[in-house]
Amino acid sequence: MQSVTLSLFRFGAPRARLWAFAQMGLARRGLAAIRDIGTWKLCGSGTGEGFTPIPNTAVYAILATWPDHDTARRAMYGNRVFRRYREHADESRTLFLSTTSARGTWAGDTPFDVSAEPNAGPIAALTRATIKPRIAAKFWGRVPGISKVIGEDPNVLFKIGIGEVPWLHQVTLSIWPDADSMAAFARHDGPHARAIRAVRTEQWFKEDLYARFNVDAVEGIWDGEPAQFDLAEPLRADTRIAAE
């Protein structure tokens, strides 16, 4: 079953932030050379929790696909690229996901294999969009209201906004305790619902992808805390790590 990982890294000191910024170009060769890696994306983030057009020089992310969770975990701890990110970062967290639904494309590809049935545990929702340049100002004008509503929803377990290209390529990921709580948020007639209607009627995006995942495991610390939710299928503790 395909594994999808989202690794987040927070850098504090200016020197570490400069290193992370440089890796947006320098880490590409190393990631491409990793055995068994599929699709991979290097992303920056916005300020706050990522849902703003102002770049955040402290937080970066690597999203990748793998044949399975064990292969992914070996790479997380055995590969030089990921080790160096952790060594330079003040804190890091990796989400291990399995895809339950996906529609749309990312840079013309369909990176996520729908290979899992929804389980009773927490679910993650990912949206990736290429925003039309002429719509960018209108899109980002809607974002503060959406971010505020998401932040005030007591059911949201985790959320982050990242992107490959500032202002034009946006990725949002949120984790919810179950499908019902996420659906209730989507149905609420607030800034999020109005933005979704505008996206459809005014065709804001050149390309988009929507996917849902089971959250199978979370490793690491974020905002000084471990993950604050239970997982249905944690990774095996005996997975062997081989350095590369």
Side-chain angles (χ1 to χ4, degrees), residues 3-66 71-97 106-107 124 126 128 130-131 136 140 143-144 147 151 157-175 217-228 235 241-244:
S3 172
V4 179
T5 59
L6 178 65
S7 298
L8 304 169
F9 305 91
R10 192 190 308 279
F11 303 87
R15 185 172 181 177
R17 294 187 183 200
L18 287 172
W19 179 89
F21 178 74
Q23 295 309 301
M24 291 292 286
L26 297 177
R28 294 179 178 277
R29 179 177 295 182
L31 284 169
I34 296 176
R35 184 172 61 248
D36 293 325
I37 198 169
T39 298
W40 55 266
K41 304 291 182 181
L42 280 164
C43 297
S45 70
T47 53
E49 292 175 291
F51 298 92
T52 73
I54 303 171
N56 182 356
T57 62
V59 175
Y60 292 84
I62 303 174
L63 184 140
T65 64
W66 315 84
T71 300
R73 192 170 188 272
R74 282 194 292 271
M76 294 296 106
Y77 295 96
N79 181 267
R80 183 172 180 267
V81 174
F82 289 95
R83 288 203 314 269
R84 293 191 70 208
Y85 265 86
R86 288 196 307 277
E87 289 166 359
H88 284 82
D90 286 358
E91 61 180 7
S92 62
R93 168 174 288 179
T94 294
L95 311 174
F96 293 82
L97 313 171
W106 186 325
L126 179 146
R128 189 271 180 181
T130 299
I131 305 161
W140 288 110
V143 166
S147 179
L157 302 176
F158 182 77
K159 56 189 178 300
I160 188 77
I162 57 177
E164 303 155 273
V165 178
W167 307 299
L168 298 180
H169 292 177
Q170 182 69 8
V171 180
T172 62
L173 182 133
S174 56
I175 297 179
V218 179
E219 297 187 354
I221 302 296
W222 200 249
D223 289 332
E225 298 288 343
Q228 299 297 309
L235 296 184
I241 309 300
E244 292 185 13

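Here the structure is a predicted model, which means the values were calculated and not measured.
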For the atom pair CZ (F9) and NE2 (H88), what is the distance rounded to the nearest 0.5 Å? 12.0 Å

To the closest 0.5 Å, what do you measure between CG (D36) and OG1 (T71)? 5.5 Å

Who are the side chain to side chain contact (heavy atoms under 4.5 Å, CB included) partners of T39, not counting sequence neighbours? K41, T65, P111

Over all atoms of both residues, closest heavy-atom pair of R128 and V171: CG-CG2, 3.5 Å

How many angstroms lie between OG1 in T5 and CH2 in W66, if you round to the nearest 0.5 Å? 5.5 Å

Is there a side-chain contact between I221 and S92 (heavy atoms, below 4.5 Å)? no

Non-neighbouring partners of L18 that pass side chain to side chain contact (heavy atoms under 4.5 Å, CB included), sequence neighbours left out: none

One should read off an interatomic distance between L63 CG and S7 OG, to the nearest 0.5 angstrom, of 8.5 Å

What are the two closest heavy atoms between W40 and A32, and how far apart are they? NE1-CA, 3.7 Å

For the student: nearest non-hydrogen atoms of S45 and G161, plus distance: CB-O, 3.5 Å

CG on L126 to CG on L97, rounded to 0.5 Å: 8.5 Å

Looking at every non-hydrogen atom in both residues, tell me the closest pair between L6 and A61 and how far apart they are. CD1-CB, 4.1 Å

Ignoring hydrogens, what is the shortest heavy-atom contact between E164 and C43? Give both atom names and the distance. CG-SG, 3.9 Å

N79 side-chain N/O to V81 backbone N/O, donor-acceptor pair under 3.5 Å: yes

Counting only N and O atoms by type, is there a donor-acceptor contact under 3.5 Å from the side chain of R86 to the main-chain atoms of M76? yes

Could you point out which residue of M24, R28, Q23 forms a side-chain contact (heavy atoms from CB on, under 4.5 Å) with L26? Q23

Restricting to non-hydrogen atoms, name the atom on L8 and the atom on I160 that form the minimum distance, rounded to 0.1 Å. CD2-CG1, 4.4 Å

Would you call the rings of W19 and Y85 parallel, tilted or perpendicular, taking 30° and 60° as the class edges? perpendicular

Are the side chain of R10 and the backbone N or O of A89 linked by a donor-acceptor pair below 3.5 Å? no

Would you indicate whether the side-chain heavy atoms of R93 and V218 approach each other to under 4.5 Å? yes

By ring-ring contact (aromatic ring centres under 6.0 Å, His included), which residues pair with Y60, not counting sequence neighbours? none

Mind checking the CZ-OG1 spacing from R17 to T57? Nearest 0.5 Å is all I need. 4.0 Å

Should V59 and W222 count as side-chain neighbours, where that means a heavy-atom distance under 4.5 Å? yes

